[in-house]
Number of protein chains: 2
Amino acid sequence: MEVAVELVLFTVRDDRLQVLLTPRPERPALPGGLVGPQEAVEEAARRVLREQTGFGDAYIEQLYTFGDPGRDPARRTISVAYFALLRSDSAGLPSGATWRFVKSLPSLPFDHDAIIRTALARLRAKLSYSTVGFQLLPAAFTLTELQRLYEVILARRIDKRNFRKKLLTMGLLKPVPGRRASGPHRPAQLYAFRTRRLRFLDGQLV
Amino acid sequence: MEVAVELVLFTVRDDRLQVLLTPRPERPALPGGLVGPQEAVEEAARRVLREQTGFGDAYIEQLYTFGDPGRDPARRTISVAYFALLRSDSAGLPSGATWRFVKSLPSLPFDHDAIIRTALARLRAKLSYSTVGFQLLPAAFTLTELQRLYEVILARRIDKRNFRKKLLTMGLLKPVPGRRASGPHRPAQLYAFRTRRLRFLDGQLV
DNA sequence: TCAAAAGTGTTAAACGTACACCCATGA
DNA sequence: TCATGGGTGTACGTTTAACACTTTTGA
């Protein structure tokens, strides 16, 4: 029996949640590949990330294992899906791979539609009770940028004052020197996360 | 490469959280087995439940996939762990299998210690925001029995009045005819879950 | 009659949510 | 000077958490 990994790599650019697809003979699909005989499953996921997306330092976490016979008509494959988040300031795109808006995805081969739905549900749920969303932002960012990130992923508006109050009270952020000027208005203070590592929150963030 | 399933089957009896171990040549371990060539992974988990535990109607859900090379020194196996809950009134125990207190487990082979830790964390987390704990009780039960269940799993005391208020307000339970007399004191009203199916709750239950 | 668990409300604090205006800037 | 997003506080309703006594029963 073959064991594969699939990668659902999300990023937020231009105020849209996007997912990376790689070219396949038939039609684009999620990046993926077989797990090597001496390779840990998570290692394989990181290798696929490196080789097929060209991005090295994404956040990665195991999502779910899809193992119905018939999910790949050609051969029996069990696939461990991983969920990955890429900082919006990551540069480059490997040849052939494309970012697609999650809102307007084409129909994907195998069970990749279901995998993406599962990943999106995980991302949305985890935004509320953990700092996982922080993985999508660069080292310094404005509070509005952070709020837009949440709004884009959750597909709903968030109150600016309540959002800021919550984040600052929780002590997740620290102001860093510098401001971002982006048009004919007051420049915004830059902030950074107090720690880059994933934290689970006491209450609900959003 | 071989793909296996492992089963972490919990039950609560005698006010203790217990997990089922099956005999192995070396020492007891989690029930498990290989996934057949034409078998869905979840099907394999249900088959292991049937064949190795003798219990047919447990709640089952995928937990995590453990795939480090070296987790089984004998051969390369990737294992999809499942988490299962058995009603405390289920009768019978298959030959050789034993219930062990989760609090005082012996050291287990392979990475089974880690699998049980992961399962316990999932169970505790899910108790708070879903009705998954209901799978551990028979069709009719008293409010005290339900509360004891939560206390045993979470390993902490819960306020009786607040617990009852929350459950009744949420409309998860309905009283059913009958009372349970269990000693020299007032008998307790019996209740049942309004629906057996898993529900995710708006707020926190405990 | 006694011991034991069943059953039942109130209060204070914390939290969530809704809401509107002035500020600083570049064009 | 004007258009734009940055930045800030309050008040109300809901939820959580702490807390103690009476009731019913079997022994």
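Below, read A as the first sequence line, B as the second, and so on, with proteins coming before strands; counting in each chain starts at 1. What you are looking at is a predicted structure, and each value in this text was computed from that prediction instead of being measured.
- The closest side-chain heavy-atom distance from A:Arg46 to A:Ile60 is below 4.5 Å.
- Between B:Arg161 and the phosphate of C:dG9, there is no side-chain N or O to OP1/OP2 separation shorter than 4.0 Å.
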Validation: residues 90-97 of chain B side-chain donor-acceptor distances under 3.5 Å, sequence neighbours left out:
from, atom 1, to, atom 2, distance (Å)
B:Ser90, OG, B:Arg87, O, 2.9

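- Taking the six-membered ring for Trp and thresholds of 30 and 60 degrees, A:Phe83 and A:Tyr59 have ring planes more than 60 degrees apart, a perpendicular arrangement.
- Of the residues in residues 122-131 of chain A, none lies under 4.0 Å from DNA chain C by heavy-atom distance.
- Of the residues in residues 198-206 of chain B, not one comes within less than 4.0 Å of DNA chain C through any heavy atom.
- Judged purely by atom type and a 3.5 angstrom limit, A:Arg179 has no side-chain atom pairing as donor or acceptor with the backbone of A:Leu190.
- The stretch residues 137-156 of chain B has no heavy atom under 4.0 Å from DNA chain D, so no residue of it qualifies as close.
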Atom pairs under 3.5 Å: protein N/O with N/O of nucleotides 10-13 of chain C:
from, atom 1, to, atom 2, distance (Å)
C:dT10, O4, B:Lys165, NZ, 3.1

Side-chain donor-acceptor contacts of residues 22-34 of chain B below 3.5 Å, not counting sequence neighbours, with atom names and distances?
from, atom 1, to, atom 2, distance (Å)
B:Thr22, OG1, B:Ala29, O, 3.3
B:Arg24, NH2, B:Leu30, O, 2.9
B:Arg27, NH1, B:Ser107, O, 3.2
B:Arg27, NH1, B:Ser107, OG, 3.4

Kindly list each side-chain donor-acceptor pair under 3.5 angstrom involving residues 138-146 of chain A, sequence neighbours excluded, with atom names and distances?
from, atom 1, to, atom 2, distance (Å)
A:Thr142, OG1, A:Glu145, N, 3.1
A:Thr144, OG1, A:Arg164, NH2, 3.2
A:Glu145, OE1, A:Thr142, N, 3.0
A:Glu145, OE1, A:Arg180, NH2, 3.0
A:Glu145, OE2, A:Arg180, NE, 2.8
A:Glu145, OE2, A:Arg180, NH2, 3.2

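- Taking the side chain to side chain contact (heavy atoms under 4.5 Å, CB included) definition, one finds that B:Arg50 meets it with B:Arg47, sequence neighbours left out.
- Contact check on A:Glu6 versus A:Arg71 returns a salt bridge, with a Lys/Arg side-chain nitrogen under 4.0 Å from an Asp/Glu carboxylate oxygen.
- Between B:Arg157 and B:Glu151, some side-chain heavy-atom pair lies under the 4.5 Å cut-off.
- B:Lys166 comes within contact range of the sugar-phosphate backbone alone, with a heavy-atom separation under 4.0 Å but no base atom that close.
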Identify every side-chain donor-acceptor pair in residues 196-206 of chain B under 3.5 Å, counting partners at least two apart or on other chains, and give the distances.
none

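- Annotation: the span from A:Ile78 atom CD1 to A:Glu2 atom CD amounts to 10.5 Å, rounded to 0.5 Å.
- Within residues 177-193 of chain B, the residues that place at least one heavy atom under 4.0 Å from DNA chain C are, in residue-number order, B:Pro184, B:His185, B:Arg186, B:Pro187, B:Ala188, B:Gln189.
- Residue pairs satisfying the salt bridge (charged side-chain N to carboxylate O under 4.0 Å, His left out) criterion with at least one member in residues 57-67 of chain B, sequence neighbours excluded, are listed as follows: B:Glu61-B:Arg122, B:Glu61-B:Lys126.
- Residues that satisfy the salt bridge (charged side-chain N to carboxylate O under 4.0 Å, His left out) test with A:Asp15, not counting sequence neighbours, are A:Arg148.
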